[in-house]
Amino acid sequence: DDLPGAPSNVTASSGTLGVTASLTWGVPSVNDASISSYQVRLADGSDIDVVSWTSADSESGHSFSGLAIGTDYVAHVRAVNGNNDPGASASDSFTTHNKPDAITQLNGSVGNSGEVELEWTAPSANGSAITDYEYRVFSSGSWGSWTSTGSTDATYTVSGLENFVSVDLQVRAVNIIGSAGDSTTL
């Protein structure tokens, strides 16, 4: 049997939770070869095997799991002919989703009695949408617990603060992967 050509329309993408990925492809030119199966390989950004060549889940796709978040990968696929000889491979690169970046531009102004109006620039979500923001207050020598703003808006009014008492504030973004690092302190 002749060797099959490289699969077409190869697409790799990170899963929602950042630790999985999917690989899809189209049927290659067969070059008078019969295709008996497909094999896949996953490599890191330095082309070191994470998953060596192995049988694909189906004739048009494969799922990888156990991946590290925020990591560059290259997924490869090739068709195998009836004599178990692999053809040319095709690949696509992707980066698994990660936690959002830390907020670096946090601004605030005194609002009504016992309030501070916060405003910030939304950070990069790193592939998985921001689902919430949280804030915390430093007062009387310690940081309070993180509290949800209940919104994905890049503004929030913190209320219930004691008048004429100095406080520090931090805000962080949250997505399905987790919470970002602390923002700059205001």
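Being a predicted model, the structure only gives us computed values, none of them experimental.
Annotation: side chain of T121 is not in contact with side chain of I103 (no heavy-atom distance under 4.5 Å). Residues W53 and P86 fail the side-chain proximity criterion, which asks for heavy atoms closer than 4.5 Å. Side-chain contact between Y73 and F64 is absent, with no heavy-atom pair separated by less than 4.5 Å. In this structure, the side chains of V10 and L23 come closer than 4.5 Å at one or more pairs of heavy atoms. Residues S148 and V174 have side chains not in contact (no heavy-atom distance under 4.5 Å, counting atoms from C-beta outward).
I130 and W120 fall within a single hydrophobic cluster, where Ile, Leu, Val, Met, Phe, Trp and Tyr are joined by side-chain heavy atoms under 4.5 Å apart, directly or via other members. In the hydrophobic clustering of ILVMFWY residues, with side-chain heavy atoms under 4.5 Å counting as a link, W25 and V27 come out together. Taken together through direct or relayed side-chain contacts under 4.5 Å among Ile, Leu, Val, Met, Phe, Trp and Tyr, V19 and I176 form part of one hydrophobic cluster. Under the 4.5 Å side-chain heavy-atom criterion for ILVMFWY residues, a single connected hydrophobic cluster contains both V50 and F94. Cluster annotation: V51 is not connected to V74 through the hydrophobic network of ILVMFWY side chains, with a link wherever side-chain heavy atoms come within less than 4.5 Å.
Heavy atoms only, all atoms of each residue included: P7 and A90 are closest at O-CB, 3.4 Å. When every heavy atom of G178 is checked against every heavy atom of P100, the shortest pair comes out as O-CD, 3.6 Å. Contact between T11 and D92 at its shortest, heavy atoms only, is CA-OD2, 3.4 Å. When all heavy atoms are compared, the tightest approach of A12 to A75 is CB-CB, 4.1 Å.
Here the straight-line distance linking atom CG of D153 with atom CG of D132 works out to 10.5 Å at 0.5 Å rounding. Taking OG1 of T147 as the start and OH of Y156 as the end, the distance is 7.5 Å to the nearest 0.5 Å. With values rounded to the nearest 0.5 angstrom, N126 atom CG is found 4.5 Å from D101 atom CG. Between R136 atom CZ and S145 atom OG the span is 9.5 Å, to the nearest 0.5 Å. Put simply, OG1 on T24 and NE2 on H62 are 12.5 Å apart, with the number rounded to the nearest 0.5 Å. Between the CD atom in E119 and the OG1 atom in T157 there is a gap of 10.5 Å [rounded to 0.5 Å].
Judged purely by atom type and a 3.5 angstrom limit, T149 uses its side chain to pair as donor or acceptor with the backbone of S151. A distance-only check finds a donor-acceptor pair linking the side chain of T96 to the backbone of G70 [under 3.5 Å]. Here the side chain of N163 pairs a donor or acceptor atom with the backbone of G114 at under 3.5 angstrom. Listed for the D85 side chain is no donor-acceptor partner under 3.5 Å among the backbone atoms of L3.
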Got a list of side-chain donor-acceptor pairs under 3.5 Å for residues 35-43, not counting sequence neighbours?
| unit_1 | atom_1 | unit_2 | atom_2 | d |
| --- | --- | --- | --- | --- |
| S36 | OG | V80 | O | 3.2 |
| S36 | OG | N81 | O | 2.9 |
| Q39 | OE1 | R78 | NE | 2.7 |
| Q39 | OE1 | R78 | NH2 | 2.8 |
| R41 | NE | D49 | OD1 | 2.5 |
| R41 | NH1 | D47 | OD1 | 3.3 |
| R41 | NH1 | H76 | NE2 | 3.1 |
| R41 | NH2 | D47 | O | 3.3 |
| R41 | NH2 | D47 | OD1 | 3.2 |
| R41 | NH2 | D49 | OD1 | 2.8 |

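In this structure, a donor-acceptor pair under 3.5 Å is absent between the side chains of S63 and S22.
In this structure, S128 has no side-chain hydrogen bond (donor to acceptor under 3.5 Å, both in side chains) partners at least two apart in sequence or on a different chain.
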> For T185 and Q170, what are the C-alpha separation, side-chain angles and deciding distance, and is it a side-chain hydrogen bond (donor to acceptor under 3.5 Å, both in side chains)?
Replying inline: CA-CA 5 Å; T185 300; Q170 289 182 328; 2.9 Å; yes

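Under the 4.5 angstrom side-chain criterion for Ile, Leu, Val, Met, Phe, Trp and Tyr, the cluster partners of F138 are W143.
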